[in-house]
Amino acid sequence: MPTKKPSATKDTFEQHYFEKVYDVTRLIPRGKVSTYGAIADFLGLGSARMVGWALNHCHHAEDHVPAHRVVNRLGELSGRLHFATPDLMQKRLEDENIIVVNNKISNMASVFWHPRELENY
DNA sequence: GACCTGACGCCCC
DNA sequence: AGGGGCGCCAGGT
């Protein structure tokens with residue numbers, strides 16, 4: 001047994017769960033949002049941080065990832081500074097009729113969507 | 001290796 | 001109600 005995993009294995013694993021995160025994020029309905037924790041739970045990732053880590057690299061993805069629909073569990077736009085401009089995340093949400101005040105979604109309970117609502121995934 | 005730092009979240013004041 | 005501590009995993013230094 002090799003004491004160390006080949007780096008190719010690690011790379012493909014990352015590729016794998018990055019894509020899973022992107023796929024779930026793409027399934028968030030327009031006008032709804034999900035959270036880092038909900039996506040991590042759904043995918044069985046050990047930590048919600050890994051979702052943030054994956055989304056941090058989502059601009060490398062082949063197809064568009066609606067990352068503005070992922071917020072923290074309090075509805076705060078914790079990732080907004082990683083968009084092209086600091087206000088872009090809020091603008092995208094407002095374009096979907098989501099109300100944002102002080103970088104926080106006001107009606108979080110009514111727009112929250114959990115991936116386990118998916119029927120066949 | 002030993003830190004440190006995250007697009008996080010739970011627990012406990 | 002809001003803030004600190006800590007676990008979580010990955011990367012950088």
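This is a predicted model, so every value here is computed, not measured. Order of the sequence lines fixes the chain letters, A, B, ..., with proteins taken first and strands second; residue numbering starts at 1 for each chain.
Spacing between B:dC8 and C:dA1 at atom P, rounded to whole Å, works out to 23 Å. Distance noted for atom P between B:dA7 and C:dG2: 23 Å (whole Å).
For the pair A:Glu76 CD and C:dA1 C1', the interatomic distance rounds to 13 Å; values are reported in whole Å. Rounded to whole Å, atom C1' of C:dC8 lies 12 Å from atom CG of A:Asp41.
For A:Leu74, the side-chain contact (heavy atoms from CB on, under 4.5 Å) partners are A:Asn72, A:Glu76, not counting sequence neighbours. Residues satisfying the side-chain contact (heavy atoms from CB on, under 4.5 Å) criterion with A:Lys32, sequence neighbours excluded, are A:Ile28, A:Pro29, A:Trp113.
The shortest distance between side-chain heavy atoms of A:Ser78 and A:Val71 does not fall below 4.5 Å.
Atoms OG1 and CG, on A:Thr35 and A:Asp41 in that order, are 7.5 Å from each other to the nearest 0.5 Å.
Using a 4.0 Å cut-off between a side-chain N of Lys or Arg and a carboxylate O of Asp or Glu, A:Arg26 and A:Asp23 qualify as a salt bridge.
Classified by interplanar angle (parallel below 30°, tilted 30° to 60°, perpendicular above 60°), the ring pair A:His59/A:His57 is parallel.
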Report all interatomic pairs (protein N or O, nucleotide N or O of nucleotides 6-9 of chain B) with separations under 3.5 Å.
unit_1: B:dG6; atom_1: N9; unit_2: A:Arg49; atom_2: NH1; d: 3.4
unit_1: B:dG6; atom_1: N7; unit_2: A:Arg49; atom_2: NH1; d: 3.4
unit_1: B:dA7; atom_1: OP1; unit_2: A:His82; atom_2: NE2; d: 3.1
unit_1: B:dA7; atom_1: OP2; unit_2: A:His82; atom_2: NE2; d: 3.3
unit_1: B:dA7; atom_1: O5'; unit_2: A:His82; atom_2: NE2; d: 3.2
unit_1: B:dA7; atom_1: O4'; unit_2: A:Ser78; atom_2: O; d: 3.3
unit_1: B:dA7; atom_1: N7; unit_2: A:Asn56; atom_2: OD1; d: 3.3
unit_1: B:dA7; atom_1: N6; unit_2: A:Leu55; atom_2: O; d: 3.0
unit_1: B:dA7; atom_1: N3; unit_2: A:Tyr36; atom_2: OH; d: 2.9
unit_1: B:dC8; atom_1: OP1; unit_2: A:Ser78; atom_2: OG; d: 3.1
unit_1: B:dC8; atom_1: N3; unit_2: A:Arg49; atom_2: NH2; d: 3.3
unit_1: B:dC8; atom_1: N4; unit_2: A:Arg49; atom_2: NH2; d: 2.1
unit_1: B:dG9; atom_1: OP1; unit_2: A:Gly37; atom_2: N; d: 2.7
unit_1: B:dG9; atom_1: OP2; unit_2: A:Arg73; atom_2: N; d: 2.8

